[in-house]
Amino acid sequence: MSSGFFTTNDGAQIFFKDWGPKTAQPIVFHHGWPLSSDDWDAQMMFFLNKGYRVIAHDRRGHGRSSQTDTGNEMDTYAADVIALARHLDLKNAIHIGHSTGGGEVARYVARAEPGRVAKAVLIGAVPPIMLKTPANPGGLPLEVFDGFRAALLANRAQFFHDVAAGPFYGFNRDGAKVSPATVENWWRQGMMGGAKAHYDCITAFSETDFTEDLKAIDVPVLILHGEDDQIVPIADSAELAIKLVKTGKLITYPGFPHGMATTEAETINRDLLTFIEG
């Protein structure tokens with residue numbers, strides 16, 4: 001089937017897309033908060049047309065998957081990916097994660113069964129840790145994420161619209177070419193998911209420490225990050241993460257925003273293809 005659901009051990013129904021030749025090398029895409037697998041349209045179509053098998057799932061609580069009230073944290077997210085890889089019998093796969101999905105990739109790849117993963121990519125990703133702590137003095141204060149939670153509780157629909165129309169794609173920058181349809185698509189994806197899961201996931205993406213996961217990854221890692229990322233500032237994410245992986249390459253993009261895989265898809269797809277085929 002080209003799409004479907006599988007059931008996790010705790011009963012959650014996880015939606016996934018699985019396009020292309022089942023004998024081709026798989027590329028698995030992991031979306032950001034609070035979105036869905038639809039956020040990867042530009043990449044899935046590009047790599048499908050290059051002959052790859054492309055797969056993306058809606059994280060639990062997001063998109064078409066169950067609106068879970070429990071398990072909305074990184075260990076369970078990674079366990080769900082382990083179950084997905086077994087369900088589809090994925091071998092020698094490339095795992096690509098954006099933002100929160102980058103954290104999911106780091107935790108999954110560090111724990112993946114032998115032979116399942118060939119390479120990993122982190123795009124605008126949250127590792128090693130977003131939160132400011134004594135060990136991470138350059139991180140964002142807890143008050144920032146408390147503000148996210150308060151805004152979600154007060155008016156989730158307005159909050160999601162403001163994020164998409166503003167910092168996510170850099171549409172708040174002077175001279176930005178704003179795409180209302182892109183904003184509406186972001187909002188559509190966000191509102192498909194469950195408020196409880198989205199609320200919990202703020203803690204998951206901001207407070208999870210991926211330092212040991214990054215150190216444990218033993219496959220090549222590509223890290224892509226926009227230098228004007230207003231959601232996950234580059235200095236406390238990509239520039240630290242590249243120092244922790246065993247075999248990694250960092251590419252940064254002047255002026256590119258957090259949502260650059262959408263707004264700058266041609267550039268991002270080119271660099272992904274170079275890495276995958278290299």
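These values consider heavy atoms only, across backbone and side chains, with no hydrogens, waters or symmetry-generated copies.
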- Query: So, the side chain of Gln43 versus the backbone of Ala261: is there a donor-acceptor pair under 3.5 Å, distance only?
  - Reply: yes
- Minimum heavy-atom separation for Ser179 to Thr182, with atom names? OG-OG1, 2.8 Å
- Message: Determine whether a donor-acceptor pair (N or O, by modelled atom type, separation under 3.5 Å) exists between the side chain of Gln25 and the backbone of Ala93.
- Response: no
- Under the criterion side chain to side chain contact (heavy atoms under 4.5 Å, CB included), which of Ile242, Thr274, Ile251 is the partner of Leu222? Ile251
- Does His62 reach the main-chain N or O of Arg60 with its side chain, forming a donor-acceptor pair under 3.5 Å? yes
- Item | Cluster link Ile223 to Val219, ILVMFWY, side chain under 4.5 Å | yes
- Query: Rounded to the nearest 0.5 Å, how far apart are OG1 of Thr262 and CG of Leu35?
  - Reply: 8.5 Å
- Query: Taking a hydrophobic cluster as the set of Ile, Leu, Val, Met, Phe, Trp and Tyr residues connected by side-chain heavy atoms closer than 4.5 Å, whether directly or through intermediates, do Phe160 and Tyr169 fall within one such cluster?
  - Reply: yes
- Point-to-point distance, once rounded to the nearest 0.5 Å, from CG of Asn9 to CG of Asp80: 9.0 Å
- About how many Å separate OG1 of Thr100 and CE of Met74, when rounded to the nearest 0.5 Å? 5.5 Å
- Task: If the plane angle is over 60° it's perpendicular, under 30° parallel, otherwise tilted; pick one for Trp186 and Trp33.
- Result: perpendicular
- Task: Grab the two heavy atoms, one from Gly102 and one from Ala125, that are nearest each other, plus how far apart they are.
- Result: CA-CB, 3.7 Å
- Message: One thing to verify: whether Lys196 and Asp69 come together as a salt bridge, which I'm taking to mean a side-chain N less than 4.0 angstrom from a carboxylate O.
- Response: no
- Task: Return the minimal non-hydrogen interatomic distance between Leu214 and Ala106, and the atom names on each side.
- Result: CD2-CB, 4.2 Å
- Under 3.5 Å: donor-acceptor pair, side chain of Ser237, backbone of Pro233: yes
- Item | Gln158 CD to Trp187 CH2 distance, which is reported to the nearest 0.5 Å | 10.0 Å
- For residues Tyr253 and Asp229, is any side-chain donor paired with an opposing acceptor at under 3.5 Å? no
- State, yes or no, whether a side-chain contact exists between Phe210 and Leu244 at a heavy-atom distance under 4.5 Å. no
- Task: Begin from the C-alpha positions of Val81 and Glu104 and carry the test side chain to side chain contact (heavy atoms under 4.5 Å, CB included) through to its verdict.
- Result: CA-CA 8 Å; Val81 180; Glu104 182 176 275; 3.7 Å; yes
- Task: Work out which heavy atom in Pro127 is nearest to a heavy atom in Ala241; give both atom names and the distance.
- Result: O-CB, 3.9 Å
- Evaluate the side chain to side chain contact (heavy atoms under 4.5 Å, CB included) criterion for residues Val54 and Trp40: first the C-alpha distance (whole Å), next the side-chain angles of each, then the deciding distance (0.1 Å), finally the verdict. CA-CA 10 Å; Val54 294; Trp40 290 109; over 6 Å; no
- Query: What is the minimum heavy-atom distance between Arg188 and Asp38, and which atoms define it?
  - Reply: NH2-OD2, 3.0 Å
- Query: Are any non-hydrogen side-chain atoms of Pro26 and Lys91 less than 4.5 angstrom apart?
  - Reply: no
- Could you pull out all residues at least two apart from His87 that satisfy ring-ring contact (aromatic ring centres under 6.0 Å, His included)? Phe6, Phe16
- Query: According to a 4.5 Å side-chain heavy-atom criterion applied to Ile, Leu, Val, Met, Phe, Trp and Tyr, with indirect links allowed, do Ile94 and Leu250 form part of one hydrophobic cluster?
  - Reply: no
- Item | Shortest non-hydrogen contact between Ser36 and Arg64, atoms and distance | OG-NH2, 3.8 Å
- Message: Tell me if a side-chain donor or acceptor on Asn49 pairs with a main-chain N or O of Met45 at a distance below 3.5 Å.
- Response: yes
- Query: Any donor-acceptor pair under 3.5 Å linking the side chain of Thr8 with the backbone of Ala12?
  - Reply: yes
- Message: Using side chain to side chain contact (heavy atoms under 4.5 Å, CB included), reason through Arg173 and Asp228 one step at a time and then give a plain yes or no.
- Response: CA-CA 10 Å; Arg173 295 305 198 199; Asp228 192 33; 2.7 Å; yes
- Report the residues that fulfil side-chain hydrogen bond (donor to acceptor under 3.5 Å, both in side chains) with Asn72, sequence neighbours left out, ordered by chain and then residue number. Thr68, Asp200
- Query: Between Thr267 and Glu264, is any side-chain donor less than 3.5 angstrom from a side-chain acceptor?
  - Reply: no
- Are side-chain heavy atoms of Ile27 and Met44 found at a separation under 4.5 Å? no
- Item | hydrophobic_cluster_shared for Phe256 and Val178, side chain cutoff 4.5 Å | no
- Query: Could Lys17 and Asp58 be called an ion pair, given the rule that one side-chain N must be under 4.0 Å from one carboxylate O?
  - Reply: no
- Query: Is the shortest heavy-atom distance from the side chain of Val183 to the side chain of His161 under 4.5 Å?
  - Reply: yes
- Sub-4.5 Å side-chain heavy-atom contact between Phe159 and Val163: yes
- Can you tell me which residue pairs pass the salt bridge (Lys or Arg N to Asp or Glu O under 4.0 Å) test with a partner in residues 122-151, sequence neighbours excluded? Asp146-Arg149
- Should Ile217 and Lys246 count as side-chain neighbours, where that means a heavy-atom distance under 4.5 Å? no
- Task: First locate atom CZ of Phe15, then atom OG of Ser3, and finally report the distance between them rounded to the nearest 0.5 Å.
- Result: 4.5 Å
- Task: Please name all residues satisfying ring-ring contact (aromatic ring centres under 6.0 Å, His included) with His30, sequence neighbours left out, ordered by chain then number.
- Result: His57, His95
- Query: Any side-chain donor-acceptor pair under 3.5 Å between Ser66 and Gln13?
  - Reply: no
- Query: Honestly, is Arg59 close enough over Tyr77, meaning NZ or CZ under 6.0 Å from the six-membered ring centre and within 45° of the axis?
  - Reply: yes
- Query: Under 30°, 30 to 60°, or over 60°: which ring-plane class applies to Phe148 and Phe145, parallel, tilted or perpendicular?
  - Reply: perpendicular
- Ile14 and Phe5: same hydrophobic cluster, using ILVMFWY side-chain contacts below 4.5 Å? no
Please report, to 0.1 Å, the donor-acceptor pairs under 3.5 Å made by any side chain of residues 112-123, with sequence neighbours excluded.
| from | atom 1 | to | atom 2 | distance (Å) |
| --- | --- | --- | --- | --- |
| Glu113 | OE1 | Arg116 | NE | 3.0 |
| Glu113 | OE1 | Arg116 | NH2 | 3.3 |
| Glu113 | OE2 | Arg86 | NE | 2.7 |
| Glu113 | OE2 | Arg86 | NH2 | 2.6 |
| Arg116 | NH1 | Asp89 | OD1 | 3.1 |
| Arg116 | NH1 | Leu90 | O | 3.0 |
| Lys119 | NZ | Phe275 | O | 2.7 |
| Lys119 | NZ | Ile276 | O | 3.2 |
| Lys119 | NZ | Gly278 | O | 2.9 |

- Query: From Thr70 OG1 over to Asp10 CG, what is the distance, rounded to the nearest 0.5 angstrom?
  - Reply: 5.5 Å
- Item | Gln189 side chain vs Asp39 backbone, donor-acceptor pair below 3.5 Å | yes
- Query: Can you name the ring-ring contact (aromatic ring centres under 6.0 Å, His included) partners of His258, sequence neighbours left out?
  - Reply: His98, Phe168
- Item | Criterion side chain to side chain contact (heavy atoms under 4.5 Å, CB included) on Leu272 and Leu224, from CA distance to verdict | CA-CA 9 Å; Leu272 289 174; Leu224 307 179; 4.0 Å; yes
- Query: So do the side chains of Arg156 and Leu152 get within less than 4.5 Å of each other, counting heavy atoms only?
  - Reply: yes
- Query: Would you say the side chains of Asn136 and Asp236 form a donor-acceptor pair under 3.5 Å?
  - Reply: yes
- Message: Salt bridge or not between Asp75 and Arg107? Use side-chain N to carboxylate O under 4.0 Å.
- Response: yes
